[in-house]
Amino acid sequence: VNKGMEPEQKLRLILTELTLFQQLKESGAIVKVDTNIYRAIKMSQIINDAGLELLGFWDMAAKASLPQVHEMKNAVASLLNQMMPLFFHFFAYDDIDVSGSMLPLASRMTASLALEKKLNISSAAQTTGFALSEYIPNLLNTMYQLMQYP
């Protein structure tokens with residue numbers, strides 16, 4: 001996802017050719033105890049990379065007024081909604097390598113939250129079904145839980 005592709009091609013790949021989050025969920029990615037830590041690390045890296053691309057598009061779409069952008073916005077909103085439970089699962093994971101893999105995405109979320117607030121687009125959830133501001137309590141709670149570890 002992050003190796004030299006044009007942004008439009010990356011998004012099209014995530015949207016049309018992959019059912020990434022659905023497949024991860026069905027594969028048992030959300031398991032309370034995963035005995036294979038390397039598998040969990042790789043899955044968290046995939047979610048992080050795909051989430052960064054989706055949020056990049058989401059932020060760009062918030063600023064743009066192009067019709068073709070708004071056509072894809074609902075599909076991206078759906079993918080973001082699918083991604084969030086996976087993100088929180090791996091961000092709260094009890095291994096620093098797994099939860100640490102999610103830090104770039106968590107950081108991007110806070111930047112996107114600032115943009116959402118600046119543009120006052122939290123009402124976009126009514127039309128697209130997604131607003132990052134709805135996930136603030138989960139994000140803050142997870143960060144607080146992670147800070148308890150030395």
Side-chain angles (χ1 to χ4, degrees), residues 1-63 69 71-119 121-122 124-125 128-150:
V1 171
N2 64 355
K3 303 276 185 201
M5 290 178 77
E6 294 295 321
E8 299 84 25
Q9 290 176 330
K10 289 179 194 178
L11 188 61
R12 203 168 312 285
L13 176 69
I14 294 169
L15 286 175
T16 59
E17 296 179 28
L18 297 176
T19 52
L20 179 67
F21 304 123
Q22 204 172 16
Q23 288 178 2
L24 284 174
K25 196 172 184 180
E26 290 170 4
S27 75
I30 299 183
V31 178
K32 295 297 177 201
V33 178
D34 191 353
T35 56
N36 188 342
I37 193 66
Y38 299 108
R39 178 177 164 226
I41 292 169
K42 289 300 178 190
M43 286 190 288
S44 67
Q45 290 170 344
I46 290 169
I47 292 165
N48 180 69
D49 291 345
L52 288 171
E53 292 301 323
L54 290 171
L55 282 177
F57 175 83
W58 188 255
D59 291 347
M60 186 264 307
K63 299 175 196 173
V69 169
E71 290 173 12
M72 294 179 73
K73 195 170 183 178
N74 288 335
V76 170
S78 174
L79 286 172
L80 285 167
N81 280 322
Q82 291 174 33
M83 178 198 73
M84 295 308 283
L86 292 166
F87 164 76
F88 284 114
H89 173 74
F90 287 108
F91 191 44
Y93 207 88
D94 195 21
D95 184 277
I96 191 70
D97 293 327
V98 177
S99 59
S101 295
M102 303 307 289
L103 285 175
L105 182 54
S107 176
R108 180 59 186 254
M109 283 181 187
T110 58
S112 294
L113 277 167
L115 178 67
E116 187 176 287
K117 181 177 169 132
K118 179 182 173 187
L119 297 176
I121 56 173
S122 58
T128 62
F130 179 79
L132 270 171
S133 55
E134 295 175 6
Y135 294 98
I136 290 175
N138 260 353
L139 186 61
L140 292 175
N141 183 43
T142 305
M143 287 178 166
Y144 176 76
Q145 296 298 322
L146 289 172
M147 289 173 30
Q148 293 179 359
Y149 293 102

Item to complete: Please test Met84 against Leu132 for side chain to side chain contact (heavy atoms under 4.5 Å, CB included), starting from the C-alpha separation and ending with a verdict.
Response: CA-CA 10 Å; Met84 295 308 283; Leu132 270 171; 4.2 Å; yes
Discussion item. Quick one, Asn141 with Gln145, criterion side chain to side chain contact (heavy atoms under 4.5 Å, CB included). Give me CA distance, side-chain angles, the key distance, then yes/no.
Written reply: CA-CA 6 Å; Asn141 183 43; Gln145 296 298 322; 3.6 Å; yes
Item to complete: Assign the ring pair Phe87 / Phe91 to parallel, tilted or perpendicular, where the plane angle (0 to 90°) is split at 30° and 60°.
Response: parallel
Fill in: Distance (rounded to the nearest 0.5 Å) between Asn74 CG and Leu79 CG
11.5 Å
Fill in: Check: Ser78 and Asn81 side chains under 4.5 Å, non-hydrogen atoms
no
Discussion item. Enumerate the salt bridge (charged side-chain N to carboxylate O under 4.0 Å, His left out) contacts for residues 99-115, please, sequence neighbours excluded, ordered by first and then second residue.
Written reply: Asp59-Arg108
Discussion item. How close do Gly51 and Met83 get, counting heavy atoms only, and between which atoms?
Written reply: CA-SD, 3.3 Å
Response to the item:
Output for pair (Leu113 CG, Leu55 CG), nearest 0.5 Å, gives 9.0 Å
Worksheet item: Is there a side chain to side chain contact (heavy atoms under 4.5 Å, CB included) between Lys42 and Arg39 once you walk through the steps?
Response: CA-CA 5 Å; Lys42 289 300 178 190; Arg39 178 177 164 226; 6.0 Å; no
Worksheet entry | Heavy-atom pair of closest approach, residues Thr110 and Leu139 | CG2-CD2, 4.1 Å
Fill in: Nearest heavy-atom neighbours spanning Phe130 and Tyr135
CE1-CE1, 3.5 Å
Worksheet item: Passes side chain to side chain contact (heavy atoms under 4.5 Å, CB included), Phe90 versus Ile46? Steps please.
Response: CA-CA 11 Å; Phe90 287 108; Ile46 290 169; over 6 Å; no
Pairs under 3.5 angstrom only: tabulate donor-acceptor contacts from the side chains of residues 96-106 to other protein residues two or more places apart or in another chain.
residue, atom, partner, partner atom, Å
Ser99, OG, Asp95, O, 3.2
Ser101, OG, Ser44, OG, 3.4
Ser101, OG, Asp97, O, 2.8

